[in-house]
Amino acid sequence: MRTVLITGCSSGIGLDAARHLARAGWRVIATCRRDEDLAARRAEGMLALPLDLSDPDSVAACAREALALGPVDALVNNAAFALPGAVEDLPRDGLRAIFEANLFGTHDLTRRMIPHFRDRGAGRIVNVSSVLGLVGIPWRGAYVATKFALEGLTDVLRIEMEGTGIRVILIQPGPITSRIRANSIPHFERWIDWQASPRAGQYRDSLLRRLYEPGGKDRFELPASAASAVILRALEAPRPRARYRLTRPTTMAEIGRRLLPTAALDWFARRS
């Protein structure tokens with residue numbers, strides 16, 4: 001039985017992927033930050049380990065404990081959070097906090113798994129990025145920055161791992177049903193002093209409504225199961241692609257980035 005370590009399995013893509021891969025016959029090691037989520041994953045028959053990507057000691061312990069459970073065939077780096085707010089209102093410590101989890105912790109965990117994959121002569125590293133790793137949109141500067149960085153790091157790692165048996169793959173989803181918006185509220189409230197911002201009126205008219213008022217699905221939004229199917233394909237394909245784009249906005253963003261002038265891309269982003 002093949003084993004996969006998946007980060008961010010409390011909800012959204014991570015949770016659905018853990019269930020989907022378990023049904024497909026994988027032994028799943030699911031990571032979560034909260035004890036209640038770990039208990040829930042264990043109740044579903046998964047192995048579960050605590051992981052806080054912002055804490056180097058937690059990352060080290062997770063890698064060590066995962067490998068103590070036996071050979072690991074793949075790592076799916078899914079965990080991430082969002083910090084909404086205008087770029088000019090992002091404090092240094094807030095930007096540092098999101099990079100600690102979304103990039104530095106992910107990189108740390110990946111580095112700790114690579115020696116194991118090297119020793120085995122095989123392994124898959126699947127990094128879950130976003131359409132926001134391709135194009136930026138207003139209010140999402142911090143998240144966009146981490147995803148752009150993740151994409152660059154992943155591309156270089158893929159090239160450097162050639163000949164090792166380790167395959168490195170990007171998943172680039174657009175709108176997917178998840179709790180990322182609701183989960184971003186505590187980070188917004190901690191780091192963004194929107195009432196002191198010159199954009200306070202724009203916050204009231206735009207971002208606050210999107211954060212706090214229940215709304216319907218985003219245009220082109222797909223369920224998390226769509227991402228899970230692509231993750232499984234990336235893990236099991238004999239020759240996986242370097243990147244898998246998911247949802248129409250991701251394809252449109254990639255085409256637009258190649259063909260359109262910056263002014264046209266900015267127009268698209270303002271309306272996304």
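The first residue in the sequence is number 1, and the count goes up from there. Everything numeric in this text was worked out from a predicted model, so none of it was measured.
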Query - Heavy atoms of other groups near Arg33 CZ, more than 12 under 6.0 Å - result: no

Query raised in the report: Which pair of heavy atoms, one from Cys9 and one from Ala18, lies closest together, and at what distance?
Result: SG-CB, 4.2 Å

Report summary line: Nearest heavy-atom approach of Thr177 to Pro223 is OG1-CA, 4.0 Å

Report task. Verify side chain to side chain contact (heavy atoms under 4.5 Å, CB included) between Ile176 and Leu246, making sure each step is shown before the conclusion. Result -> CA-CA 9 Å; Ile176 295 290; Leu246 176 64; 4.0 Å; yes

Requested in this report: Mind listing the closest non-hydrogen atom pair of Ile192 and Pro91 along with its distance?
Outcome: CD1-CD, 4.4 Å

Query - Working for side chain to side chain contact (heavy atoms under 4.5 Å, CB included), residues Met161 and Arg118 - result: CA-CA 9 Å; Met161 288 293 106; Arg118 276 186 178 276; 3.6 Å; yes

Report summary line: Separation between OG (Ser184) and CG (Leu207), nearest 0.5 Å, reads 8.0 Å

Query raised in the report: How close do Val144 and Val135 get, heavy atom to heavy atom, and via which atoms?
Result: CG2-O, 4.4 Å

Report task. Could you grab the distance from atom CG of Leu5 to atom CG of Leu109, nearest 0.5 Å is fine? Result -> 5.5 Å

Requested in this report: Hey, can you tell me if Tyr203 and Phe188 have their rings parallel, tilted or perpendicular (30° and 60° cut-offs)?
Outcome: tilted

Requested in this report: Working to the nearest 0.5 Å, report the span between CG of Leu153 and OG1 of Thr146.
Outcome: 12.0 Å

Requested in this report: Evaluate the criterion salt bridge (Lys or Arg N to Asp or Glu O under 4.0 Å) for residue pair Arg96 and Asp93; output intermediate values, then yes/no.
Outcome: CA-CA 5 Å; Arg96 181 183 290 113; Asp93 285 346; 2.5 Å; yes

**Report entry** Arg120 side chain reached by Asp73 side chain, heavy atoms, under 4.5 Å
**Finding:** yes

**Report entry** Candidate list Thr7, Thr110, Asn102, test side chain to side chain donor-acceptor pair (under 3.5 Å), partner Asn77, passing option
**Finding:** Thr110

Query raised in the report: How long is the span from the CZ atom in Arg42 to the CG atom in Asp37, to the nearest 0.5 Å?
Result: 11.0 Å

Query raised in the report: Could you give the distance from SG (Cys62) to CG (Asp52), rounded to the nearest 0.5 Å?
Result: 10.5 Å

Report task. Nearest 0.5 Å please: distance from the NE2 atom of His107 over to the CZ atom of Phe99. Result -> 13.5 Å

Query raised in the report: Which pair of non-hydrogen atoms, one from Ala66 and one from Leu49, has the smallest distance, and what is that distance?
Result: N-CD1, 3.6 Å

